[in-house]
S.K.: 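Could you have a look at this structure, given as structure tokens, before my questions?
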Amino acid sequence: MLWSKLFIPTLRDNPAEAEVASHRLLLRAGYIRQLSAGIYNYLFLAQRSMLKITKIVREEMDAIGAQEFYLPALNPAEVWKESGRWDVMGDNMFRLKDRFGRDLCLGMTHEEVMTSIARGELRSYKQLPQLWYQIQVKFRDEPRPKSGLLRVRQFTMKDSYSFDMDAAGLDASYEKHRQAYCRIFDRCGLKYTAVEADSGAMGGSQSHEFMVESEAGEDYVVYCAATGYAANLEKAVSRPVAPAVADPEGDLTPEEFSTPNFKTIDEVSAFTKLPATSQMKSVVMVGDGKPVLALVRGDHQLSEAKLAGVLGAAEVRAALPHEIQEWFGAAPGSLGPIGVKIRLLTDNALEGRKNMICGANKDDFHLRNVTPGKDFKAVYHDLRQVAAGETNIETGDPLQILKTVEIGHIFKLGYKYSKSMGLSVLDESGKEVTVIMGSYGIGLERILCAAVELYHDGNGMSLPASIAPFTVVVTPVNMKDEALKSAAETLYAECNKAGMDAVLDDRDERPGVKFKDAELVGIPWRITVGKKLAQGIVEVVERRTGKLTEVPVGEAVEFVRKGLLG
RNA sequence: CGGGGCGUAGCGAAGCCUGGUAUCGCGCCUGGUUCGGGACCAGGAGGUCGCAGGUUCGAAUCCUGCCGCCCCGACCA
């Protein structure tokens with residue numbers, strides 16, 4: 001293609017509203033333009049990259065035997081009401097009414113519609129397993145769209161769904177997806193980690209997220225370099241650091257003491273001259289409307305995701321001040337486990353501890369010498385969020401906490417949708433069996449964003465060749481010089497003939513402008529046709545490294561071709 | 001939804017406090033000179049100053065309301 005004919009509106013200045021690198025560069029390099037908050041126009045370059053990403057995804061899905069569908073984005077309310085998610089999705093779902101007043105919504109995901117197809121058509125175990133997928137637009141009314149294309153209200157997803165007879169079948173479908181996802185992200189040139197993810201309260205048995213490390217991310221991953229252990233912070237486990245001071249010995253009895261205006265863990269620490277690890281922190285939560293007191297060590301933080309998992313609750317929130325007053329007869333800052341009537345859960349890190357400090361459920365008083373299991377009934381669970389400085393629970397190796405972007409998620413759904421929507425088939429013996437399902441998603445724009453986040457520098461982005469809008473740009477430094485012009489045209493034609501995705505920068509611009517634009521847009525290779533052409537030499541420049549090689553004209557295309565092969 | 005910031009030409013900004021005909025850089029158009037890292041000279045086009053009210057002889061500037069965008073938090077199947 002000829003650059004002079006293309007619409008590539010690059011900007012000299014950084015757009016004021018863009019803070020994260022991918023947002024800033026996609027705007028500046030002329031890939032995208034914003035239409036509204038969380039709604040973007042994909043211009044020529046973005047669409048070209050998206051098509052390449054789509055192609056890779058499609059090839060790898062097809063390779064595991066998945067069949068491509070295309071489902072409507074416009075969904076009737078009925079299927080969503082059947083699964084219960086018409087209500088669960090709340091304000092995140094875009095809803096509308098048709099001219100007759102019937103409820104419709106824009107699809108956020110397609111478990112319901114896929115399941116409705118399956119239950120209408122699948123009758124026999126002989127038809128299973130099935131792997132169905134689509135590449136389609138999704139709509140989510142995000143409370144706060146942000147970071148360019150990273151969190152938006154409309155985006156493209158590859159979503160697939162597996163239907164199997166039993167857990168072993170689901171395991172196989174899941175594993176196929178895990179491998180396909182690795183191939184997809186490898187081919188897109190991303191550095192990523194597959195991490196254990198929270199499968200939520202609704203019965204899913206296993207789930208992995210594919211994460212790319214990035215400052216622009218919103219998820220935290222706990223990673224152990226020594227063992228390869230990796231898990232979402234919501235799910236991760238660790239060995240806590242030992243208490244800073246040993247517990248007092250002996251079989252002591254709880255004893256009240258006055259702590260006027262000392263409410264926080266730190267204040268009580270300062271007052272008692274004992275570290276936070278000697279205290280028990282009481283966190284009052286409400287899970288699906290029911291109160292619960294979660295007890296964790298003073299220096300630890302409650303994980304709401306883990307608590308929700310233990311409770312089997314869909315929604316967990318902090319208790320309100322008046323609720324706490326009613327249930328405890330005291331205000332936050334003086335709460336404790338002794339004598340409480342509501343459900344009580346205790347974190348594993350408190351097991352075996354004794355003679356600790358906690359609130360007395362009486363304003364401005366605390367208790368010392370409180371022993372879990374003796375002074376109150378302790379039901380132990382893992383409720384604690386992993387913190388920096390902790391170590392691998394198995395091996396004691398150091399753990400890191402990384403900020404990441406989620407680009408894919410695979411999920412063993414189990415029977416949630418097949419049960420609620422009545423999807424079953426007959427087995428060999430003629431018995432009706434509920435089908436077991438999995439669902440698997442990739443956010444396609446996030447692949448592009450993650451690539452920009454990973455590969456950019458002060459001059460712009462530096463995309464992997466597999467997803468860059470062009471793989472090579474041929475740049476004559478002066479279009480008025482007939483020799484340079486015709487040599488460049490020849491090189492460009494040869495690139496095309498060699499199957500490369502080439503663009504000829506035939507604009508009547510000074511070389512600096514062309515170099516800057518090519519680097520901003522992130523084209524992996526550039527062939528510069530300049531003065532040395534007289535000696536039969538052109539320059540080949542690799543965007544990622546900036547490495548410049550002088551090559552005889554006749555060998556330039558082959559040089560780039562080899563470079564593209566890596 | 002809570003907190004903060006911002007809306008002036010395609011992009012980036014100044015002007016606003018202290019009211020008096022709309023300013024700068026880049027980009028764009030025309031002509032010329034240039035041509036290896038965002039050229040130079042000359043001429044030019046482009047703005048209901050987010051919207052609506054109000055105050056005033058006069059509002060980008062002061063007041064009120066609304067809308068939009070960004071960031072932090074809450075939320076995130």
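Letters A, B, ... mirror the listed sequences (proteins, then strands); counts begin at 1.
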S.K.: Is any side-chain N or O of Arg510(A) closer than 4.0 Å to OP1 or OP2 of A39(B)?
M.R.: yes
S.K.: Please report the distance, rounded to the nearest Å, between CD in Glu142(A) and C1' in C71(B).
M.R.: 16 Å
S.K.: Does A59(B) pair with anything, Watson-Crick or G-U wobble, both distances under 3.5 Å, and if so, with which nucleotide?
M.R.: none
S.K.: Rounded to whole angstrom, note down the C1' distance from U48(B) over to C41(B).
M.R.: 35 Å
S.K.: Please tell me which of the listed nucleotides, C76(B), C71(B), G36(B), lies nearest to the side chain of Asn92(A)?
M.R.: C76(B)
S.K.: Could you tell me whether Gln34(A) contacts a base, only the sugar-phosphate backbone, or nothing, with contacts defined as non-hydrogen atoms closer than 4.0 Å?
M.R.: sugar-phosphate
S.K.: Between the base of G3(B) and the side chain of Arg144(A), is there a donor and acceptor pair under 3.5 angstrom?
M.R.: no
S.K.: Would you mind reading off the distance between Lys480(A) atom NZ and U33(B) atom C1', rounded to a whole angstrom?
M.R.: 10 Å
S.K.: Mind checking the OG-CD spacing from Ser162(A) to Gln130(A)? Nearest 0.5 Å is all I need.
M.R.: 10.5 Å
S.K.: Separation of Asn14(A) atom CG from C6(B) atom P, in whole Å?
M.R.: 20 Å
S.K.: Need the pair for A42(B). Rule: Watson-Crick or G-U wobble, both distances under 3.5 Å, any strand; none if unpaired.
M.R.: U30(B)
S.K.: Which nucleotide sits closest to the side chain of Pro143(A): C75(B), C35(B), G38(B)?
M.R.: C75(B)
S.K.: Looking only at the side chains, is there a donor atom on one of Tyr174(A) and His208(A) sitting less than 3.5 Å from an acceptor on the other?
M.R.: yes
S.K.: Determine the Euclidean distance between corresponding P atoms of C26(B) and G38(B); express it in Å to zero decimal places.
M.R.: 14 Å
S.K.: Taking pairing as Watson-Crick or G-U wobble with both contacts under 3.5 Å, can you name the mate of C11(B), or confirm there isn't one?
M.R.: G25(B)
S.K.: Can you tell which of C70(B), C35(B), G38(B) lies closest to the side chain of Thr10(A)?
M.R.: G38(B)
S.K.: Select base, sugar-phosphate, or nothing to describe what Asp517(A) touches, counting heavy atoms under 4.0 Å on all strands.
M.R.: base
S.K.: Among the nucleotides C11(B), G37(B), G36(B), which one has an atom lying closest to any side-chain atom of Arg526(A)?
M.R.: G37(B)
S.K.: Strictly below 4.0 Å: does Lys516(A) bring a side-chain N or O up to OP1 or OP2 of G37(B)?
M.R.: no
S.K.: Under the 6.0 Å and 45° cation-pi test, does Arg446(A) pair with Phe155(A)?
M.R.: no
S.K.: So what does Lys514(A) hit on the nucleic acid, given a heavy-atom distance under 4.0 Å: a base, only sugar-phosphate, or nothing?
M.R.: nothing
S.K.: Using the P atom on both, measure G3(B) against G15(B) and round to a whole Å.
M.R.: 28 Å
S.K.: Are any of Arg12(A)'s side-chain N or O atoms less than 4.0 Å away from OP1 or OP2 of G27(B)?
M.R.: yes
S.K.: Expressed as a whole number of Å, how far does the C1' atom of C16(B) sit from that of C6(B)?
M.R.: 14 Å
S.K.: What is the ring orientation for Phe163(A) with Trp132(A), classed by angle as parallel under 30°, tilted 30 to 60°, or perpendicular over 60°?
M.R.: tilted
S.K.: In whole Å, I'd like the distance from the CG atom of Asp506(A) to the P atom of C35(B).
M.R.: 20 Å
S.K.: Taking the nucleotide of RNA chain B with the nearest heavy atom to each, does Glu519(A) or Val316(A) sit closer to the 5' end?
M.R.: Glu519(A)
S.K.: Select base, sugar-phosphate, or nothing to describe what Ser147(A) touches, counting heavy atoms under 4.0 Å on all strands.
M.R.: sugar-phosphate
S.K.: State the pairing partner of C6(B); accept Watson-Crick or G-U wobble contacts with both distances under 3.5 Å, and report none otherwise.
M.R.: G68(B)
S.K.: Pick the closest RNA chain B nucleotide for Ala16(A) and for Ser36(A) by heavy atoms, then say which residue is nearer the 5' end.
M.R.: Ala16(A)
S.K.: Select one nucleotide: of A39(B), C75(B), C70(B), the one nearest the side-chain heavy atoms of Val513(A).
M.R.: A39(B)
S.K.: Under a 3.5 Å cut-off for both distances, is G73(B) Watson-Crick or wobble paired, and to whom?
M.R.: C1(B)
S.K.: What interatomic distance, in whole Å, is found between C1' of A9(B) and the corresponding atom of C72(B)?
M.R.: 32 Å
S.K.: Using both distances under 3.5 Å as the test, list the Watson-Crick or G-U wobble partner of G47(B), or none.
M.R.: none
S.K.: Verify the distance criterion only: is there a donor paired with an acceptor across the side chains of Glu112(A) and Ser83(A) at less than 3.5 Å?
M.R.: yes
S.K.: Nearest-Å distance, CG (Leu11(A)) to P (G12(B))?
M.R.: 8 Å
S.K.: Calculate, to the nearest 0.5 Å, the distance between atoms CG and CD1 belonging to Leu25(A) and Ile32(A) respectively.
M.R.: 10.0 Å
S.K.: Would you measure the distance from the P atom in A22(B) across to the matching atom in G50(B) and give it in whole Å?
M.R.: 14 Å
S.K.: Hey, what do you get for CD (Glu209(A)) to CD1 (Ile407(A)), rounding to the nearest 0.5 Å?
M.R.: 11.0 Å
S.K.: Distance check, P atoms only: G46(B) and C24(B), in whole angstrom units.
M.R.: 15 Å
S.K.: Would you indicate what Val477(A) reaches in the nucleic acid, counting non-hydrogen atoms under 4.0 angstrom: base, sugar-phosphate, or nothing?
M.R.: base
S.K.: Could you give the CD-to-C1' distance, from Glu539(A) to G36(B), as a whole number of Å?
M.R.: 8 Å
S.K.: How many Å lie between NE2 on His23(A) and P on C70(B), as a whole number?
M.R.: 7 Å
S.K.: Starting at atom CG of Asp219(A), determine the distance to atom P of C75(B), rounded to an integer number of angstrom.
M.R.: 14 Å
S.K.: Answer yes or no: is there an ion pair linking Glu218(A) with Lys146(A), defined by an N-O contact shorter than 4.0 Å?
M.R.: yes
S.K.: Measuring only the C1' atom in each nucleotide, how far is U64(B) from G44(B)? A whole number of Å is fine.
M.R.: 42 Å
